[in-house]
Amino acid sequence: MNTIENSQEMQKTVNPYRNTENDRVLVVLDVRNITARQNQDYCNARIDYGKLLTDTVDRRILIGAIAVDSLIEDSDGRDSARIFHRELKNSGFRLNLVPPSNNKGKQEGVDVKIALLAQKYVLRGQCDVVELITGDGDFTVLVQSIQSEGVRAYVTSFYKSLSYSLRNEADLVRILDNVPIIRMHPGTPAVKEAA
């Protein structure tokens, strides 16, 4: 074996950034970022969040799956998205709702909540990989911070909503458009194949 082959083989065995089944994974879902793109491009389909979580974790060790969303109350003071939020919970995500921070009910504080949650796990040494399911470029600084602590930061997003800076900073990027995690709504007509 020549020196180059030895060097390449050595890199494969000592690479601290390789994925292993012993990796502890934190999954954080930015609900509004992902659902906004889904609603624009895949309006007749729903994301199978259970499959998304399973595929994201793969054979690694899941230490937490957190879906962060804004809390919008209906006229009765109840969560207006409670059915959808129940679906997220049933898919394995722990739900973290952020109340509106102003009187217009605008979503603010969700990005801060995501960053604080991820940093908490990273700084406590509880994870080896943070899987961010978002395309929001505001998380580029979070990815850099995660990486500075020796933790890998992976991003999963739809292509059209993936920020250029986030894509370039992440250790790994998965494009949701290429992953079979979308299921059709009941009653949606099947697409006929051309003969």
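Predicted model only: the values in this text are computed from it and were never measured.
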task = May I ask you to test the F84-V31 pair for a side-chain heavy-atom distance under 4.5 Å?
result = yes

task = Group every Ile, Leu, Val, Met, Phe, Trp and Tyr by side-chain heavy-atom contacts under 4.5 Å, then state whether V27 and L172 land in the same group.
result = yes

inquiry  = Using every non-hydrogen atom in the two residues, find where V143 and A153 come nearest and quote the distance to one decimal.
reply    = CG1-CB, 3.7 Å

inquiry  = Can a donor-acceptor pair be found, under 3.5 Å and without considering hydrogens, that links the side chain of S148 to the backbone of S145?
reply    = yes

query = About how many Å separate CZ of R32 and CG of D136, when rounded to the nearest 0.5 Å?
reply = 14.0 Å

query = Is a donor on one side and an acceptor on the other found under 3.5 Å between the side chain of Q147 and the backbone of E169?
reply = yes

task = Might you confirm whether atom CZ of R82 has over 12 heavy atoms from other residues, nucleotides or ligands at distances under 6.0 Å?
result = yes

Side chains of residues 124-133: which donor-acceptor pairs under 3.5 Å do they make with residues two or more places apart or in other chains?
residue : atom : partner : partner atom : Å
D128    : OD1  : R24     : NH2          : 3.1
D128    : OD2  : R24     : N            : 2.8
D128    : OD2  : R24     : NE           : 3.2
E131    : OE1  : R174    : NH1          : 2.6
E131    : OE2  : R60     : NH1          : 3.4
E131    : OE2  : R60     : NH2          : 2.7
E131    : OE2  : R174    : NH1          : 3.1
E131    : OE2  : R174    : NH2          : 3.3

inquiry  = Is there a side-chain contact between L176 and I34 in this structure, where contact means two heavy atoms from C-beta onward sitting under 4.5 Å apart?
reply    = yes

message = Quick one, I146 with Q119, criterion side chain to side chain contact (heavy atoms under 4.5 Å, CB included). Give me CA distance, side-chain angles, the key distance, then yes/no.
response = CA-CA 7 Å; I146 289 168; Q119 283 292 77; 3.9 Å; yes

message = Assigning hydrophobic clusters by single linkage (Ile, Leu, Val, Met, Phe, Trp, Tyr; side-chain heavy-atom cutoff under 4.5 Å), is Y159 placed with V155?
response = yes

request  = Considering non-hydrogen atoms only, spot the tightest contact between L97 and S70 and give its length.
outcome  = CD2-O, 4.2 Å

message = Go through it in stages, so that I can follow the logic: the residues are I63 and Y121, the test is side chain to side chain contact (heavy atoms under 4.5 Å, CB included), and I'd like the CA-CA distance, side-chain angles, deciding distance and then a yes or no.
response = CA-CA 9 Å; I63 59 152; Y121 281 87; 3.6 Å; yes

request  = Only counting residues at least two apart or in another chain, list the ones meeting side chain to side chain contact (heavy atoms under 4.5 Å, CB included) with T54.
outcome  = none

request  = Indicate the atoms forming the closest heavy-atom contact of L52 with I47, along with that distance.
outcome  = CD2-CG2, 4.3 Å

key: Minimum side-chain heavy-atom gap F158-N33 below 4.5 Å   = no

message = Using 0.5 Å steps for rounding, measure from the CD1 atom of I66 to the CZ atom of R94.
response = 4.0 Å

inquiry  = Go through it in stages, so that I can follow the logic: the residues are H85 and D69, the test is side chain to side chain contact (heavy atoms under 4.5 Å, CB included), and I'd like the CA-CA distance, side-chain angles, deciding distance and then a yes or no.
reply    = CA-CA 9 Å; H85 289 153; D69 197 6; 2.7 Å; yes

ask   = Do the side chains of V57 and L53 get nearer than 4.5 Å, heavy atoms only?
value = yes

task = Answer yes or no: is there a side-chain heavy-atom contact under 4.5 Å between T140 and Q144?
result = yes

message = A side-chain contact here means heavy atoms from C-beta on lying under 4.5 Å apart; do D30 and F139 qualify?
response = yes

key: Heavy-atom side-chain proximity of L117 to N96 below 4.5 angstrom   = yes

task = Quick one: closest heavy-atom pair of G137 and L166, and the distance?
result = CA-CB, 4.4 Å

Residue of the set L95, L88, V68 for which side-chain contact (heavy atoms from CB on, under 4.5 Å) holds with L29 = L88

Donor-acceptor under 3.5 Å (D23 side chain, V25 main chain) = no

request  = State the CG-CD1 distance between L26 and I61, to the nearest 0.5 angstrom.
outcome  = 13.5 Å

